[in-house]
Amino acid sequence: MTNIDFSAHLNPEQLEAVQTIDGPVLVIAGAGSGKTRTLVYRVAYLMEQGVDPRNILLLTFTRKAAQEMLNRASELVGPESMLVNGGTFHSFCYLQLRQFGGVLGYPSNFTVLDRRDIEDILTHLARELNLKKEGSTFPKKSALATICSKKVNCMRDTRWVLTRGYPHLVHLAPVLDTLFDAYTEYKRRHALMDYDDLLVNWKRILDTEPDIREMVSRRYGFIMVDEYQDTNLVQAELVRLMASTHNNVMAVGDDAQSIYSFRGANFKNILEFPNMFPGTKVIKLERNYRTHQPNLDCTNAIIANAQEKFTKRLVAVRRGGDPPILYEAMDENDQAEFVVARIRELFMLGVEPSEIAILFRAGFHSFQLEGLLNRYNIEYVKRGGLKLLEGAHIKDLISFVKLLVNPLDIIALKRVFTLIPGLGERGVEKIYELMMHAQDPFEAILGLKSRARWASPLKELVSRLKTIWSKDEGLDSLITELIHLYEPFLQSKFPDDYPRRLQELKEVSVIAGNFKDVGEFLAEMALDPPDEEEAYGKRDCVCLSTVHSAKGLEWKVVFIISLVEGRFPSPMALERDEELEEERRLFYVASTRAKDTLYFVYPRWINVSGGGVIPGKASRFIEEIPPGLFRRWKSGRRQDPAHHGTSTVSNKGGPFSVGTRVRHTIFGPGTIVRVLGGEKIAVDFDGAGEKVINTGIARLSIL
DNA sequence: CCGGCAGGCTTTTTT
DNA sequence: AGCCTGCCGG
């Protein structure tokens with residue numbers, strides 16, 4: 001093994017973090033301060049000290065992040081570093097539970113539920129238990145899943161979650177508890193776990209089984225946790241329990257970059273670390289290697305507006321550089337055109353596509369831009385937003401596979417059997433009853449006597465499934481055959497875009513080729529669904545990403561788009577101060593991704609659902625930045641949205657002319673009666689009578 | 001009980 | 001623009 005000159009590659013603080021190998025360490029690391037480097041070198045250092053890589057556990061936010069770090073470590077100390085246990089909390093817990101889950105009565109082949117499964121099961125149970133009373137309000141299935149998860153992640157009861165997030169539903173707490181109990185029972189009966197169970201069940205084992213706890217703790221003698229500000233209480237407890245024999249934990253994170261509180265993370269967690277592990281050595285990394293001082297002045301100003309005072313202030317190592325640019329676009333079309341035009345210029349200047357990113361608050365904010373990128377044949381990958389896995393066709397295919405592992409998975413069974421015309425949900429439930437009481441569930445169907453029109457197609461389907469399952473030729477050929485079987489259904493279900501979907505299914509079969517074990521494949525699909533990058537092998541292209549998915553990454557040129565009130569901060573976050581503060585941190589995360597050039601972009605007019613166009617105000621987070629810290633560019637185009645975009649306004653002259661029907665968020669629909677000076681107009685509201693409205697402030701949509 | 005159809009609603013962020 | 005819901009005819 002080569003001897004690495006650590007002090008040549010690390011600054012004194014990093015070096016101290018790397019070389020502290022006994023006892024708890026907390027590294028508070030600012031954006032771009034080289035925390036990944038610190039972790040990589042620490043792995044290398046431990047191995048140079050003769051530590052067995054199998055005793056090291058590196059927990060990161062995504063599986064990719066761990067892989068990337070271990071790849072880099074292997075360049076330093078050789079391929080042995082690949083033996084380090086690295087991954088997400090969830091995947092690590094999954095592996096532990098396959099080994100030790102028997103203690104809780106779980107077989108080693110339990111299946112992991114994804115978000116959609118959870119929603120389906122909760123809906124199914126709510127109906128079965130008759131909890132949805134006529135006329136009374138009941139949460140939608142997505143809210144049900146959120147409440148259930150939040151309760152677990154925050155380690156609170158249902159009432160607490162409802163009070164904070166759903167005050168109008170507090171009276172339902174006992175009803176929901178009944179539902180959640182049934183859900184827990186259901187999961188146990190069918191050998192299922194959801195994301196949260198992976199953490200909670202593993203914690204339960206560590207809590208109640210001292211032998212296992214001790215064994216595991218000795219096995220993982222060196223624990224490192226990245227992005228610690230985004231862990232929740234359950235995860236913090238897991239770390240404490242697993243380190244119980246040695247307290248050899250290094251946590252790395254940035255209190256200013258905590259953006260996952262909706263999942264139960266609390267940025268105060270990271271500040272609690274020294275209390276949880278007495279004797280913690282706290283090291284701060286305050287030098288920024290990523291960008292130059294003008295960008296840093298601006299991003300420092302963004303986080304300085306936060307109510308919480310953070311623990312550090314960053315100083316750039318790099319020299320030179322220009323401050324960020326704010327571009328005020330006419331509308332969303334102009335915004336997209338600006339970004340595309342800049343990208344084309346950058347290409348001509350020789351900037352690699354993979355060095356450019358466009359970031360936004362929510363997945364759908366990039367739709368317009370995507371259209372334009374396609375038009376100009378600019379290749380891009382999109383991170384965050386909808387995943388490949390979420391398409392109905394993929395769910396169908398995965399359900400075929402799930403039935404192979406667990407024939408009594410009623411959710412998968414329904415998906416598959418209702419593909420047959422004439423067979424609906426009720427029908428499948430009856431068939432399910434029959435299967436449950438049979439020796440061989442699928443044999444029971446083949447012996448079924450029914451004159452219904454679905455009977456013979458069903459038998460045909462089942463017998464073909466049995467044939468496919470009985471072959472033993474690897475996962476990718478299994479998937480290929482299932483796709484073949486599914487194809488006619490796919491065709492009739494999606495007559496318009498069936499070729500595209502078929503192509504995506506084939507990508508899945510390629511991915512499946514990397515797995516030996518069906519259970520592992522299913523778990524991986526649920527825990528870490530492949531993104532576009534992996535599925536299609538896209539690499540050197542422009543990156544479109546939600547801010548959340550951009551965490552930990554960096555690019556030379558970054559555009560943050562739709563920095564407009566109503567988009568960023570998210571309207572959902574306006575009610576509560578804490579959530580607004582988190583939005584600000586989110587903006588901070590976004591703006592600290594840029595190495596060289598940072599663009600803030602916002603449209604002066606935005607389209608809202610329903611086809612209206614409303615005036616947009618620059619995001620409050622932009623307004624807060626002292627004006628000297630960025631440069632302002634304006635659209636050269638006329639300040640009249642009627643001539644761009646696809647809005648319904650285009651054939652009515654200006655956006656706000658007398659006689660135009662508009663809708664106000666509070667006053668409802670009305671008719672414009674006068675256009676006054678400035679941005680003011682008078683509107684006669686159908687319900688509220690005549691009011692003067694400042695279009696620069698109020699949200700008016702055109703009907 | 002199934003499925004087609006129309007109309008309304010929604011759209012944060014993710015392991 | 002797509003998804004879900006509710007309604008209605010077979």
Side-chain angles (χ1 to χ4, degrees), chain A residues 59-66 87-94 112-116 118-119 123 132 140-143 145-146 149-150 152-153 165 193-200 227 230-232 234-235 258-265 359-368 371 383-387 389-392 417-430 452-454 492-494 496-497 523-529 531 545-551 562 566-575 579 582-583 585-587 589-590 607-611 646:
Chain A
L59 295 170
T60 56
F61 203 70
T62 62
R63 183 192 41 130
K64 270 185 172 175
T88 61
F89 271 93
H90 294 265
S91 62
F92 177 77
C93 293
Y94 169 74
V112 181
L113 299 169
D114 71 20
R115 172 78 188 201
R116 273 277 277 282
I118 299 166
E119 292 179 0
T123 319
K132 228 168 167 167
K140 292 198 196 336
K141 62 182 185 180
S142 60
T146 306
S149 169
K150 202 143 197 187
V152 175
N153 280 304
M193 288 196 211
D194 60 28
Y195 294 127
D196 305 324
D197 292 326
L198 295 173
L199 302 181
V200 169
E227 311 281 14
D230 288 319
T231 57
N232 60 34
V234 182
Q235 290 165 318
S258 160
I259 54 175
Y260 278 95
S261 72
F262 65 89
R263 214 167 63 189
L359 309 182
F360 32 83
R361 176 65 181 84
F364 70 95
H365 294 167
S366 66
F367 286 165
Q368 212 148 354
R383 311 172 61 110
L386 284 178
K387 291 267 164 29
L389 193 70
E390 283 162 51
F417 283 2
T418 52
L419 289 170
I420 294 165
L423 191 51
E425 219 171 309
R426 306 290 307 180
V428 179
E429 273 164 27
K430 281 185 188 158
R453 70 174 164 134
W454 45 258
S492 56
K493 200 167 167 183
F494 306 102
D496 304 327
D497 56 353
E524 188 68 19
M525 289 295 275
L527 287 173
D528 202 344
D531 55 26
S545 176
T546 61
V547 181
H548 283 93
S549 303
K551 160 195 255 289
S562 291
R567 296 262 201 269
F568 203 157
S570 164
M572 312 295 211
L574 299 181
E575 306 282 320
E579 287 183 49
E582 178 148 318
E583 295 287 309
R585 293 195 296 273
L586 199 53
F587 179 46
V589 168
N607 289 307
V608 290
S609 59
T646 52

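Letters A, B, ... mirror the listed sequences (proteins, then strands); counts begin at 1.
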Enquirer: So do the side chains of A/R263 and A/Y195 get within less than 4.5 Å of each other, counting heavy atoms only?
Expert: no
Enquirer: Does the ring of A/Y260 meet both stacking tests against the six-membered base ring of B/dT14: centre distance under 5.5 Å and plane angle under 30°?
Expert: no
Enquirer: Do the side chains of A/E582 and A/R585 get close enough for a salt bridge, i.e. N-O under 4.0 angstrom?
Expert: yes
Enquirer: Using whole Å, report how far NZ of A/K493 lies from P of C/dC3.
Expert: 11 Å
Enquirer: Check the distance between B/dT15's P and A/K150's NZ and give it to me in whole angstrom.
Expert: 17 Å
Enquirer: Between A/E119 (CD) and B/dT14 (P), how many Å, whole number?
Expert: 15 Å
Enquirer: How long is the span from the CG atom in A/L423 to the NZ atom in A/K430, to the nearest 0.5 Å?
Expert: 10.5 Å
Enquirer: Measure centre to centre between the rings of A/F92 and A/Y94, then say whether the value is under 6.0 Å.
Expert: no
Enquirer: So if I take every side-chain heavy atom of A/S549 and compare against B/dT11, B/dT14, B/dC2, which nucleotide ends up nearest?
Expert: B/dT14
Enquirer: Considering just the side-chain nitrogens and oxygens of A/T546, establish if one lies under 4.0 Å of OP1 or OP2 belonging to B/dT14.
Expert: yes
Enquirer: B/dT13 P sits how many Å from A/F568 CZ, rounded?
Expert: 12 Å
Enquirer: So A/L423, base contact, sugar-phosphate only, or nothing? Heavy-atom distance under 4.0 Å.
Expert: sugar-phosphate
Enquirer: Without decimals, in angstroms, what is the distance between A/L527 CG and B/dT14 C1'?
Expert: 12 Å
Enquirer: May I have the distance from A/F417 (atom CZ) to B/dC2 (atom C1'), rounded to whole angstrom?
Expert: 17 Å
Enquirer: Would you tell me if any nitrogen or oxygen in the side chain of A/T62 comes within less than 4.0 Å of OP1 or OP2 on B/dT15?
Expert: no
Enquirer: So what does A/F61 hit on the nucleic acid, given a heavy-atom distance under 4.0 Å: a base, only sugar-phosphate, or nothing?
Expert: sugar-phosphate
Enquirer: Under 4.0 Å from OP1 or OP2 of B/dT14: is there any side-chain N or O of A/R263 that close?
Expert: no
Enquirer: Provide, to the nearest angstrom, the distance between the CE atom belonging to A/M572 and the P atom belonging to B/dT13.
Expert: 9 Å
Enquirer: Consider the side chain of A/F262, meaning its heavy atoms from C-beta on, and name the nucleotide among B/dT14, B/dC1, B/dT15 that approaches it most closely.
Expert: B/dT14
